[in-house]
Number of protein chains: 2
Amino acid sequence: MRQRRSVTIRDVASEAQVAVATASRALSGRSEVSDETRKRVERAAKKLGYVPNQSARSLRAASTRIIGVVVPSMANPIYELYLRGAAHEAVAHGYSIFICDAEYDPALYRTHLRTLLEHRVDGVIIGEVIQAPSLLVPFLRAGIPVDPSEAARRGAQLPQLVRGTEAFKAAYTHLLSLGHERIAYARLTRPGIAMQRVGSDARMAWLQEAAAEAGLPDDAVVPVEFVPGEETSDRLLRLLSSGDRPTALVVTAPLLQPVLVAIHETGLEIPRDLSLLMVGDASWARAVRPPIASVSSDMYEEGMRALRRMVGRIQGDADLEAEGAPQPARFLPRGSLGPVVRLPGRVAPGAPQKTTRAASKQGPKQTGKKQK
Amino acid sequence: MRQRRSVTIRDVASEAQVAVATASRALSGRSEVSDETRKRVERAAKKLGYVPNQSARSLRAASTRIIGVVVPSMANPIYELYLRGAAHEAVAHGYSIFICDAEYDPALYRTHLRTLLEHRVDGVIIGEVIQAPSLLVPFLRAGIPVDPSEAARRGAQLPQLVRGTEAFKAAYTHLLSLGHERIAYARLTRPGIAMQRVGSDARMAWLQEAAAEAGLPDDAVVPVEFVPGEETSDRLLRLLSSGDRPTALVVTAPLLQPVLVAIHETGLEIPRDLSLLMVGDASWARAVRPPIASVSSDMYEEGMRALRRMVGRIQGDADLEAEGAPQPARFLPRGSLGPVVRLPGRVAPGAPQKTTRAASKQGPKQTGKKQK
DNA sequence: ATGAAAGCGCTAACAA
DNA sequence: TTGTTAGCGCTTTCAT
């Protein structure tokens, strides 16, 4: 049953009574071989159950048809979608992808990049600019393309997964127009090697700017930072149950789940007691009630695009590369955003004034059309 | 900047003024080399930026230290967790994993298995028994272990990801004890090649048995089947809004999201109008309100275990293989299960009798302790 | 159209 | 301890 030595092209050749070179040509179809011979070789290959050895092929061809995709964390719903998109698109182009989960761990990041280098992948997708560009030098030296490219790093538009100033400004303006004057901005702060904070900082800065423009004091925006693994912290619970708790919360996608749990535990109701805006995408964002408003592009789509432009770069196909251009984020207002309910004053239509958990459910039925 | 030809061990050897074999020995550390030489070689390697070529190594060693993991769908929350667990554990053992998403597509399944075969992976994890075992024959012939093994297929315990009769019986008994007399069982029916239906069928059969034992009629359990991609079907909506709609719904994990959306659209409230039980695990199952009861083992953990026992098999380490034994599912009762509210009769404490969506929120505050 | 042979980068056997 | 050499399986000259 088990045969240690596997069937090689040599075996096929001798079975078909031809030279190995002929067998190779017949099977790869890249060269002229007589129909007669081709059939004989194919029959022999099938009979013996021949399966070409990729290691040998790669060694010879100096190309693996593998694209490495390193994500900061597969647990981050953004990257979960991103990976699926990339995986799907890869097959369409005849590539395999090598998925690496860095688990927000700099050491693991290094390990994975090294592995990809040893495997001589044809390209590497890292999604966003990382803080330690020196890790990418070996790839550049070996002529292995990296996405986003080093060139992009110096461009005007910072290569981030969730990008696009307009959408953020629209979302924040909307939030402020609902009367929120105390807004928490919760995000993961990843250690050393990982993503550039500059992107995340910019997204938060825009909120601060918008708040300032609206005449709110400096402390209107409250940054709350979590270290990966610490997401289930009591800090969030304390923030949400404190006297001067925020009336709106902006969370990055990986924090959505722990934040929702914390909100449930404090008994707050969305959006009556707290408005929620997510930065980024999650496959299940529409499965919770009310559906969560977000600023994001479609991350599955972005994964596909990243792969497409990588294939374009590898194959020197500028059109394909252009087809893979990333899309800007959009603001998707949904039921999780609502007006501030002030203690004595006017309240949202239909919402009661009781402070603890209470009866009414404010409008989660109309599924999120822009309600500005 | 870009150098086409990458640095080989030959270059290192000549830089260090030794033979290639010596350089190899010095770098791999598997053989005796003088300290002096080792240092020289290491220095040379670092100076030149040498990175060993895995293709060459694999070709030589007839081992890739890669384990292939093929999942029916990465969109299925069970496998999302499973993959993350496997990916995490792989690193600990010095293996890489090759993740393949079959997207419930038989053709893609074939393609991926073929690719793994060509790459001569050291082992393949497919999670559950597949319907087309003939696809695995090439692996067996090549001596590449597959998990679950062919042997397991013939064993008493069917190798399924969610396994364990007791947990299911406990869950179903609980459900029936809450007074449910019409229970829908919603699941995906995958095309040809994919998972054995036998497991899914058994799990449903247990529900039917339990119903029969409880004296309910044959049609107490309503099977509802979905084809992947059709999840958001109107069928579910019709079922949920019909006059004799079920009072309880059992769903497999990949259907949880579309089912929740459908439930929201019909305005039904969980668990007052409908009890919900999930078969399988999802990372976000606790993020929705009320939290979803489930029958499952920890799928992240199961992914780790699968990888562990595969490494055990590859390395002939029976202890490690035993450590990776799968765990049976457990019943996790949570807030999504509640008693049937009969129209005129007695109702759950605190719940009103209004039929459409209404005010009260029934007990989602105490986060799902066993309420039997 | 086919065959012979070189060589991709590495490791292991054998020699020295 | 170190060097020489063969060969893993494949593709691709170059020759016929």
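Lettering follows sequence order; numbering is per chain, from 1. What's counted below: heavy atoms across the whole structure, side chains too, no hydrogens, waters or symmetry copies.
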Without decimals, in angstroms, what is the distance between [X] [atom1] and [N] [atom2]?
X: A/Arg40; N: C/dA1; atom1: CZ; atom2: C1'; answer: 12 Å
X: A/Leu117; N: C/dG9; atom1: CG; atom2: P; answer: 14 Å
X: A/Ile9; N: D/dT12; atom1: CD1; atom2: P; answer: 11 Å
X: B/Arg10; N: C/dC10; atom1: CZ; atom2: P; answer: 11 Å
X: B/Glu32; N: D/dG3; atom1: CD; atom2: C1'; answer: 17 Å
X: A/Arg30; N: D/dC10; atom1: CZ; atom2: C1'; answer: 11 Å
X: B/Arg120; N: C/dC10; atom1: CZ; atom2: P; answer: 21 Å

Do [X] and [Y] touch side chain to side chain, with heavy atoms closer than 4.5 Å?
X: A/Val311; Y: A/Asp317; result: no
X: B/Leu113; Y: B/Phe139; result: yes
X: A/Pro326; Y: A/Glu302; result: yes

Test item: B/Asp101 side-chain N/O and B/Met74 main-chain N/O as donor-acceptor pair under 3.5 Å: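 Between the backbone of B/Met74 and the side chain of B/Asp101 there is a qualifying donor-acceptor contact (under 3.5 Å).
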
B/Asp122 (side chain) donor-acceptor with B/Thr64 (main chain) under 3.5 angstrom: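 Checking the backbone N and O of B/Thr64 against the side chain of B/Asp122, a donor-acceptor pair under 3.5 Å is found.
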
Close approaches to DNA chain C from residues 51-60 of chain B, in residue order (heavy atom, under 4.0 Å):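 Here the set is B/Pro52, B/Asn53, B/Ala56, B/Arg57, B/Arg60.
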
Estimated bend of the helix from C/dA1-D/dT16 to C/dA16-D/dT1 (axis per five terminal pairs, rounded to 10 degrees):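 End-to-end axis angle for the helix from C/dA1-D/dT16 to C/dA16-D/dT1: 40°, rounded to 10°.
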
A/Thr37 side-chain N/O to C/dT2 phosphate OP1/OP2 under 4.0 Å: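 Yes, such a contact exists.
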
Phosphate OP1/OP2 of D/dT2 contacted by B/Ser34 side-chain N/O (<4.0 Å):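 Yes.
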
Stepwise side chain to side chain donor-acceptor pair (under 3.5 Å) check, B/Ser34 with B/Thr37: CA-CA 5 Å; B/Ser34 81; B/Thr37 320; 2.5 Å; yes

Pairing of B/Glu42 and B/Lys46 as salt bridge, 4.0 angstrom limit: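 No, no charged N to carboxylate O under 4.0 Å.
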
Side-chain polar contacts of residues 12-22 of chain A - donor-acceptor pairs under 3.5 angstrom, sequence neighbours left out - could you list them?
{"residue": "A/Ser14", "atom": "OG", "partner": "A/Asp11", "partner atom": "O", "Å": "3.3"}
{"residue": "A/Glu15", "atom": "OE2", "partner": "A/Lys47", "partner atom": "NZ", "Å": "2.9"}

Residues within residues 11-28 of chain B bordering DNA chain D, heavy-atom distance below 4.0 Å: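 Contacts with DNA chain D under 4.0 Å: B/Val18, B/Ala19, B/Ala21, B/Thr22, B/Arg25.
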
Set of residues satisfying salt bridge (charged side-chain N to carboxylate O under 4.0 Å, His left out) with respect to B/Arg57, sequence neighbours excluded: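 By the salt bridge (charged side-chain N to carboxylate O under 4.0 Å, His left out) rule, B/Arg57 matches no residue at all.
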
Test applied, side-chain contact (heavy atoms from CB on, under 4.5 Å); reference residue, A/Ile67; option that passes from A/Val121, A/Val124, A/Ile314: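 Checked A/Val121, A/Val124, A/Ile314 against A/Ile67; only one passes side-chain contact (heavy atoms from CB on, under 4.5 Å): A/Ile314.
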
side-chain hydrogen bond (donor to acceptor under 3.5 Å, both in side chains) contacts touching residues 80-91 of chain A (sequence neighbours left out):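 Found A/Glu80-A/Arg84, A/His88-B/Glu103, A/Glu89-A/His93, A/Glu89-A/Arg308.
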
